[in-house]
Structures are given as structure tokens and as C-alpha cells.
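Worksheet: the structure to be examined is printed underneath.
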Amino acid sequence: MKIAFVGKGGSGKTTLSSLFVRHLAATAQPVVAVDADINQHLGPALGLDEAEAAALPALGEHLPLIKDYLRGSNPRIASADTMIKTTPPGTGSRLLRVRENNPVYDTCARSVELDGGAARLMVTGPFTDADLGVSCYHSKTGAVELCLNHLVDGRDEFVVVDMTAGSDSFASGMFTRFDITFLVAEPTRKGVSVYRQYKEYARDFGVVLKVVGNKVQGQDDLDFLRAEVGDDLLVTVGHSDWVRAMEKGRPPRFELLEDVNRRALRMLEIAADATYELRDWERYTQQMVHFHLKNARSWGNERTGADLAAQVDPGFVLDESVTASV
């Protein structure tokens, strides 16, 4: 299951995504965690110290390797140089699976031990001063989008992505790559503004969107969120001494997380599991192609000097039965 956490800056989406990753790892479920946020806080939230987080390999720095591996023997892709972030897979492409070992994971992922469990962690890399005037942050997340386009995941397999804050996710088609999106919202007008933007833009793409109310302190906060987001409100989370200790760099054992918050995480897992039966791989592939052709026309063809529409394999549908090229 592919799961996104979104929300405005400071909403607590990184904290919630890290707790969800810990929850999955604690029950020995395979999970790949991806930090696609500009601030790169997921590693520390999963317990890495500053030096360990800084040493994580950046996906963006290994884009040539990623492209070359995923291209495989696909005859529609002349070279890795002609691949862009939205290039879809086709016959001959190599695919990524959650449980396997492959050169992309070997180079770009690191295993993070979490209270007896473990998760693979991948990061886009920070947005540095060197990027100013040269590229925007969306180019950093291109490697994530390309990997998601070539990812085949099954039931009880999880990919959890901490997305960039606000509505920046709409700058590409990556927001359509998920089985479910959890929007973390505080009980304030600013807190629900991103929800309205996301709901409006995602409506035409069949995005499953649920709201996680964070920093909810009483009935008035709960009533506010219910009035603003209606049935999209899935669960709420309040103060947590466990989280406060984690933010100080001294997290207790995860089993000591408050019962009410453990139940909230279980609700997220149940909601994610329920979307498995809703999967429409044909629509998923069509959306991939839609955004690829849009990018090809607007900038991709000019940048690569190739007709990127020719990369689309019209008979190909990505689903769990597809066998990857070797």
C-alpha cells in the first residue's frame, strides 16, 4: 500500500508519518519510508542522530543509476538521459518491489532499526544554497516520483511518503501515486486551508483523502474539524508525552506510546488496508501517462531533445502480475 502524509508546515505530518512507520515496523510488516519533504526531518523523527541523518544517501544524487536500472531493456526508452520524472514503465522496464533487494535500494536506502523492527529509509536530500537559481525543489523529488511509477506493491506491504508541505505536491503527478493520502490538519483556519486545496484539486483524480486532526485539545477543536472537513475526518490526535520525549531525542520504547495514540495509528492502518480492494491499476497507469504527456509537451521534449510521447507503451498496465525485466 502506498501512503502519503501531507499538510501545511508545522502541522505534524512528519511526526505522524514517523509514528505510522514505527507502528508498522513494530508488527513486522515490510515498510519503505521516503522523506520527500524539503526540510528532511523524517530520519531524526525515526531516531537517527544529526550525523546519521546527514549521511543518508540522497536519491537526487543517484538519479542516473536509478534511471539506468529502471529503464532495463525497454525498447521505447533510447537512453537513461531521455527519462524524466514521469516516464512510465513499459515492457522490458525493471520494477521495484517492497520486499526485494536491488541496486536502487542498495545505493539509496538504509535500514533503520525501530524497537526490534526495521524500515528501509530513503530521502530526496536537502535543498541547499547550491540549488538556488539552478533548480526548484520539485526536481529533487523527481527521483521519488520515478521510483513510485515503477513500484509494484501488494497487500501488507507499505510505502510511506512524507510529502512536501502545503500544496506543492500538485506541481507534479506524484499526488496521484498513492492508495490513500492522510492530510494532517490542526484545528485552525490555516490548518484546514490545505485540506480545501487538496480536496478541490484531487477530486478529478480519484484520490482517497482522509484527515488526521492533530493537536486536538478538546471538544471545541473536534467540533471545528468536523464542521470544516465533514466525513473526511478519520481520527484525531492530542498531546503525547511520548512524542515530546522523542522530539527531545529521548524516545521511550514504542510500546509505551499512549493507548489512545496507538489506537489512532491502528485506525490509519485499517483505512489504508481498506483501499486495497479499490485498486484500479488501469486508471493508475492512465494517470501516469496523462502527467507524462503533459510534462513532455510543456518542457520534457525540449529539455531532452526527444519525443517523450514515444516512451508510452499503449498495451502496458502496471499491476501485481507484471514480471520485471532482469
Would you say that Val152 contacts Leu318 through its side chain, given a criterion of any heavy-atom pair below 4.5 Å between the two side chains? yes
Asp179 vs Tyr276, side-chain contact (heavy atoms from CB on, under 4.5 Å): CA-CA, chis, key distance, verdict: CA-CA 7 Å; Asp179 293 287; Tyr276 184 82; over 6 Å; no
Under 3.5 Å, is there a donor-acceptor pair between the Gln29 and Thr27 side chains? yes
If the threshold is 4.0 Å, N to carboxylate O, is there a salt bridge linking Asp241 and Arg244? no
Measure up the Phe182 and Phe20 rings against each other and bin them: parallel (under 30°), tilted (30 to 60°), perpendicular (over 60°). perpendicular
Non-hydrogen side-chain atoms of Asn295 and Ile84 separated by less than 4.5 Å: yes
Evaluate salt bridge (Lys or Arg N to Asp or Glu O under 4.0 Å) for Arg279 paired with Asp153, printing each intermediate quantity in order. CA-CA 11 Å; Arg279 283 187 159 189; Asp153 56 310; 2.5 Å; yes
Does a donor on one side chain sit under 3.5 Å from an acceptor on the other, for His23 and Glu269? yes
With distance as the sole criterion, is a donor-acceptor pair present between the side chains of Thr124 and Gln40 under 3.5 Å? yes
Is a salt bridge present between Arg97 and Glu157, judged by a nitrogen-to-oxygen distance below 4.0 Å? no
Determine whether the aromatic ring centres of Phe291 and Phe205 lie less than 6.0 Å apart. yes
Please tell me if the side chains of Leu96 and Cys147 come closer than 4.5 Å, counting only heavy atoms from C-beta onward. yes
Between Ser93 and His150, does a side-chain contact (heavy atoms from CB on, under 4.5 Å) hold up when you go through it step by step? CA-CA 8 Å; Ser93 296; His150 289 74; 4.2 Å; yes
If Ile, Leu, Val, Met, Phe, Trp and Tyr residues are connected whenever their side-chain heavy atoms lie under 4.5 Å apart, and connections chain through other members, are Leu48 and Val32 in the same group? no
Just by distance, no angles: are the side chains of Glu258 and Ser240 close enough, under 3.5 Å, to form a donor-acceptor pair? yes
How long is the gap from OG1 on Thr275 to CD1 on Ile270, to the nearest 0.5 Å? 12.5 Å
Is any NZ, NE, NH1 or NH2 atom of the basic residue among Asp273 and Arg155 found under 4.0 Å from an Asp or Glu carboxylate oxygen of the other? no
Is any side-chain N of the basic residue among Arg99 and Asp156 closer than 4.0 Å to the acidic one's carboxylate O? no
Hey, are Asp37 and Thr164 close enough side-chain-wise for a donor-acceptor pair under 3.5 Å? no
Check side chain to side chain donor-acceptor pair (under 3.5 Å) between Asn102 and all other residues, then give those that pass, not counting sequence neighbours. Glu100
Tell me, with the steps shown, if Phe178 and Val159 meet side-chain contact (heavy atoms from CB on, under 4.5 Å). CA-CA 9 Å; Phe178 302 98; Val159 178; 5.9 Å; no
